[in-house]
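First the proteins, then the strands, lettered A, B, ... as listed; each starts at 1. Just so we're clear, the structure is a prediction, and the values are computed from it rather than from any experiment.
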Number of protein chains: 2
Amino acid sequence: MFSKTCQYGIRAILYLAVHTSEDKKLGVEQISNGLDIPKHFLAKILQQLTKHHLASSSKGRNGGFYLNTENKNSSLLKVIHAIDGSDVFSLCILGLPECSSQNPCSLHQEALKQRSAMLKILEDQDIQQIAKRIDLKHIKI
Amino acid sequence: MFSKTCQYGIRAILYLAVHTSEDKKLGVEQISNGLDIPKHFLAKILQQLTKHHLASSSKGRNGGFYLNTENKNSSLLKVIHAIDGSDVFSLCILGLPECSSQNPCSLHQEALKQRSAMLKILEDQDIQQIAKRIDLKHIKI
DNA sequence: AGATAAAAAGAGTTTTATATCTTATTTAAA
DNA sequence: TTTAAATAAGATATAAAACTCTTTTTATCT
């Protein structure tokens with residue numbers, strides 16, 4: 001479903017949502033330790049997310065990555081779009097180039113159903129809401 | 001979701017379900033032309049499926065690949081298991097090694113929902129049924 | 001100003017997935 | 001028994017994804 005890069009990206013964003021704010025930043029090393037993700041690889045992903053304004057960063061001493069309010073009001077869907085591209089949820093599940101409701105493949109209907117439930121939470125709930133749930137229910141990231 | 005190999009495998013099985021029988025076999029070349037899948041690559045996949053008794057083949061003149069009745073009564077889920085392994089539908093969507101209902105990741109519930117709809121058709125409907133639907137509704141493979 | 005600590009950027013490597021090519025083997029019809 | 005049509009197997013090539021390393025830039029602290 002999601003590339004490893006994207007999985008890492010989602011988890012990193014959630015981690016930042018739970019642990020950081022405008023005045024509580026974290027360095028790549030800390031995040032990478034907390035999530036058990038290769039450090040340099042994670043750095044790339046965080047840079048990418050920062051470019052897309054889905055995370056924030058500041059350079060220099062006491063710098064680090066964090067989510068500001070705007071970032072926390074964004075959605076995981078945007079994170080996914082930024083990393084895996086905007087058609088993860090529309091590409092044909094059987095890889096057919098021209099698959100649509102008009103001209104469906106044999107699993108098209110089921111793929112639609114399958115995706116709608118997932119899409120809903122990914123775009124309706126903002127990151128802060130998910131972070132809150134993680135915090136309350138002690139869900140792991 | 002599915003690897004390309006698996007997508008090819010599913011499509012090949014459905015193609016065989018629609019176009020072949022015990023006494024109407026097709027060679028790799030014809031199938032590969034019909035589905036626009038690289039010939040040699042498809043050959044490997046068909047061999048793999050034949051080994052798993054999900055397709056049938058006969059060598060020599062007038063040989064080829066086909067589905068016998070037993071094959072047609074099998075399910076796409078078995079095809080998927082044979083190619084992508086048996087935990088495509090249970091692996092954590094965020095890649096966490098120890099994700100379960102007891103100890104879920106932040107998207108666990110949605111992943112479950114998402115997958116159940118798809119799983120249902122993949123294991124409940126047999127291949128022949130899907131082939132019939134393809135035939136009747138002129139769905140492409 | 002200079003040392004330091006952090007992200008950003010770029011280049012490079014490794015691994016895995018996908019695809020191709022070549023040769024051998026099997027089978028059955030002619 | 002020759003031959004054509006197919007599968008089977010193994011080696012190799014290519015491309016994409018995952019991961020690493022090094023250098024540069026920037027901000028802060030002393």
Exercise for review: Give the B/S/- string for nucleotides 25-30 of chain D, one per nucleotide from 5' to 3', where a protein heavy atom under 4.0 Å of the base yields B, of only the sugar-phosphate yields S, and otherwise -.
Suggested key: BBBBS-
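Phosphate proximity of dA18(D) to Y8(A): absent, as no side-chain N or O sits under 4.0 Å from OP1 or OP2. Considering only side-chain N and O atoms, K25(B) lies nowhere under 4.0 angstrom from the phosphate OP1 or OP2 of dT27(C). For S57(A) and dA8(C), the shortest distance from a side-chain N or O to OP1 or OP2 is below 4.0 Å. Residue S3(A) places none of its side-chain N or O atoms closer than 4.0 Å to OP1 or OP2 of dA17(D).
L49(A) and V88(A) end up in the same hydrophobic cluster when Ile, Leu, Val, Met, Phe, Trp and Tyr side chains are linked at under 4.5 Å.
Using a 4.0 Å heavy-atom cutoff across all strands shown, L26(A) reaches sugar-phosphate atoms only and no base atom. Among the heavy atoms of the strands lying under 4.0 Å from T5(B) are primed sugar atoms or P, OP1, OP2 only; no base atom is included. Across all strands, K44(B) comes closer than 4.0 Å to base atoms (heavy-atom distances).
Across the protein-nucleic acid pair, Q7(B) atom CD and dT18(C) atom C1' stand 12 Å apart, rounded to whole Å. Here the C1' atom of nucleotide dA15(D) and the NZ atom of K4(B) are 10 Å apart, to the nearest Å. One can place NE2 of H52(A) at 16 Å from C1' of dA8(C), the figure rounded to the nearest angstrom. The CD atom of Q30(A) sits 14 Å away from the P atom of dA5(C) (whole-angstrom rounding). Regarding L16(B), its CG atom lies at a distance of 10 Å from the P atom of dT7(D), rounded to whole Å. Atoms CD1 (I83(B)) and C1' (dT18(C)) sit 14 Å apart, rounded to a whole Å. Straight-line distance from the NZ atom of K51(B) to the P atom of dA8(D): 8 Å, rounded to whole Å. As a whole-Å value, the separation of H40(B) NE2 from dT23(C) C1' is 12 Å.
A donor-acceptor pair is defined here as one N or O able to donate and one able to accept, closer than 3.5 Å; such a pair exists between the side chain of H52(A) and the backbone of Q48(A). Between the D135(B) side chain and the V18(B) main chain, no donor and acceptor come within less than 3.5 Å of each other. S75(A) contributes no side-chain N or O that, together with a main-chain N or O of D126(A), makes up a donor-acceptor pair within less than 3.5 Å. Of the possible polar contacts, one joining the Q7(B) side chain to the I93(A) backbone as a donor-acceptor pair under 3.5 Å is found.
In summary, the side chains of N71(A) and S56(A) do present a donor paired with an acceptor at a separation below 3.5 Å, with no hydrogens or angles considered.
The side chain of F41(B) approaches dT18(C) more closely than any other nucleotide in the set dT20(D), dT18(C), dT7(D).
Pairs of residues two or more places apart, or lying in two chains, never qualify as ring pair (Phe, Tyr, Trp, His ring centres under 6.0 Å) while including a residue from residues 62-93 of chain A.
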